[in-house]
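Since the structure is predicted, the reported quantities are computational estimates derived from the model, not experimental observations.
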Amino acid sequence: MFASIPSPPVSVWYLGPLPIRAYAFAIITGIIVAVYILEKRYTKKGGPSEVSIDVGVWAVIFGIVGARLYHIFTTPQPYFGENGDLTKIFRVWEGGLGIWGAVAAGGLGIYIALHRRGLRFAPFADALAPGLLVAQAIGRLGNWFNQELYGRPTDLPWALEISPEHIVGGYPPGTTFHPTFLYEALWCLAAAAIIIVLEKRMHLHGGQVIVLYVALYTLGRVWIENLRIDEAEIIAGLRLNVWTSIFVFLGAVVVYVIVTRRVRANPHIDDIHLRPVTDAD
C-alpha cells in the first residue's frame, strides 16, 4: 500500500541553455503515440497511408490554439483579473489547456485537412478516438510534474503530496490531495479499452466511435472535475467545466442516436473518400 504519492521535485530539465519542460514533453509524447495508433487503425480501415501525420499537424496546431483559448475563457482571473498578467496568455508551458477547446478546434482542423484531400471525416475520427484517449492519459502526467489541477484534501493511501509553494486554497503545508491527474489518466485508458471492445463486438463505425469517445470521457470528467480545487468559474454552484461536461455528454447521447440511425440507413457511410476514386486520381 502507498503511504502517499510524491510529486516530482522538478518540472524542467536543462540541456545546456535548452529547457526541457515535463508538461510539453508529456503532450508531445501523447501526440506521437496518438498518431501512431491512428495510422495503424486508419490504414486498416482502408485509409491512405501517411495521411495521419499530415492531418495530425492541422489537428495539433488548431487544437493547441483552441485549448488555450478555452482555458483563458473559462479561467480569466490569472490573465484579466485584478492581479492578472496578460503575458501569461502565451506561457503555454506553464499549463492551462482546456480539453474541450482542443477537441472542438482540433476537430475543425482535421475536417479542413481531410476535405482538402477528398476524405471523409467520420472514418478518420473513429480511427482517432482510442489513441486520443491514450494521448490525454499521457498528457495528464504534465499536471503531475507541474503540481497543478489536483483535488480536495484526502488522507487516502494514494493521496498526492504537493510542495508548499504549489498548494492552493490556503491549506497548510503537509496536506495531501486527491491525485485527479491519475484518476483522469486511468479513466482515459479504461475508456480507450472499452471503445476498442465495443467497436469490435457492436461493429461500430460511421462516427459512432468518436461520439462514444465524447460520451465516455465526459462521464468520467464530471466526477473528476468536481474533485478539483483550482480556480475556476462557478455557475449555480458547479464549476463551468462540470456544466460543460454534462451538456456535452447529453449532446453526445443525442448525436449517437442520430449517427446510429444514419449508419443503418446508409451502407456507404464508412467510405473513406468523399467521391469515387478513379485512375486519374
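Rounding to the nearest 0.5 angstrom, the gap separating the OG1 atom in T218 from the CZ atom in F249 is 6.0 Å. How far OG1 of T244 is from CG of L240: 4.0 Å, rounded to the nearest 0.5 Å. Here the CD1-CG distance, from I110 to L114, works out to 7.0 Å after rounding to the nearest 0.5 Å. Atom OG of S52 is separated from atom CD of E39 by 4.0 Å, given to the nearest 0.5 angstrom.
Taking 4.5 Å as the limit, every side-chain heavy atom of V168 sits out of range of all side-chain heavy atoms of E231. Looking at heavy atoms from C-beta onward, F177 lies in side-chain contact with I167 at the 4.5 angstrom threshold. Side-chain contact between Y171 and I162 is absent, with no heavy-atom pair separated by less than 4.5 Å. Side-chain contact between D155 and S4 is absent, with no heavy-atom pair separated by less than 4.5 Å. Residues W144 and L160 are in side-chain contact: their nearest non-hydrogen atoms beyond the backbone lie under 4.5 Å apart. Inter-residue side-chain proximity for H115 and F121 is flagged as unmet; no heavy-atom pair is nearer than 4.5 Å.
Considering all non-hydrogen atoms of both residues, G98 and H71 come closest at N-CB, 3.9 Å. Minimum heavy-atom separation, A129 to Y213: CB-CB, 3.9 Å. Between Q147 and S163, the shortest heavy-atom contact is OE1-N, 2.7 Å. Scanning all heavy atoms of the two residues, the minimum distance from L216 to A191 falls at CD1-O, 4.0 Å. Of all heavy-atom pairs spanning A192 and V134, the tightest one is CB-CG2, 4.3 Å. For the pair T175 and P153, the tightest heavy-atom approach, listed with the atom from each and the gap, is CG2-CB, 3.8 Å.
Listed by chain and number, the hydrophobic cluster partners of L149 come to none, as no ILVMFWY side chain reaches under 4.5 Å of it. Grouping Ile, Leu, Val, Met, Phe, Trp and Tyr by side-chain contacts under 4.5 Å, direct or through others, leaves F73 on its own.
Using a 4.0 Å cut-off between charged side-chain N and carboxylate O, R116 and D54 make no salt bridge.
Side chain of D126 to backbone of V209: a donor-acceptor contact under 3.5 angstrom is found. Judged purely by atom type and a 3.5 angstrom limit, W243 uses its side chain to pair as donor or acceptor with the backbone of I235. Within the 3.5 Å criterion, the main-chain N or O of D230 finds a donor-acceptor partner in the side chain of R239. For T154 (side chain) and L156 (main-chain N/O), a donor-acceptor pair under 3.5 Å exists by modelled atom type.
If you chain together hydrophobic residues whose side chains sit under 4.5 Å apart, I138 and L132 never meet in one group. Both L141 and Y150 belong to a single network of hydrophobic side chains, linked directly or stepwise wherever heavy atoms of I, L, V, M, F, W or Y lie under 4.5 Å apart. No single ILVMFWY cluster, assembled from side-chain heavy atoms under 4.5 Å apart, contains both V103 and L189. Both M202 and L133 are members of a single hydrophobic cluster when ILVMFWY side chains are connected at heavy-atom separations under 4.5 Å. Each of W58 and L128 belongs to its own hydrophobic cluster when Ile, Leu, Val, Met, Phe, Trp and Tyr are linked at side-chain heavy-atom distances under 4.5 angstrom.
Under the side chain to side chain donor-acceptor pair (under 3.5 Å) criterion, the residue pairs touching residues 176-185 are R140-E184, W158-Y183, H178-Y183, E184-Y217, with sequence neighbours excluded. Here side chain to side chain donor-acceptor pair (under 3.5 Å) pairs that include residues 200-212, with residues two or more places apart or in two chains, are Q208-T260.
In this structure, the salt bridge (charged side-chain N to carboxylate O under 4.0 Å, His left out) partners of E199, at least two apart in sequence or on a different chain, are R41, K45. For F124, the ring-ring contact (aromatic ring centres under 6.0 Å, His included) criterion is met by Y42, not counting sequence neighbours. Annotation: side chain to side chain donor-acceptor pair (under 3.5 Å) contacts of Y111 (sequence neighbours excluded): none. Remark: S49 engages no residue in a side chain to side chain donor-acceptor pair (under 3.5 Å) (not counting sequence neighbours). Contacts of N226 classified as side-chain contact (heavy atoms from CB on, under 4.5 Å), with partners at least two apart in sequence or in another chain: V222, L238, V242. Remark: I89 engages I72, Y79, F80, L86 in a side-chain contact (heavy atoms from CB on, under 4.5 Å) (not counting sequence neighbours).
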Listing, residues 5-20 side-chain donor-acceptor contacts under 3.5 Å, not counting sequence neighbours, or none:
| residue | atom | partner | partner atom | Å |
| --- | --- | --- | --- | --- |
| S7 | OG | E161 | O | 2.5 |

Tabulate below the donor-acceptor pairs under 3.5 Å that side-chain atoms of residues 25-38 make, not counting sequence neighbours, or state none.
| residue | atom | partner | partner atom | Å |
| --- | --- | --- | --- | --- |
| T29 | OG1 | F25 | O | 2.7 |

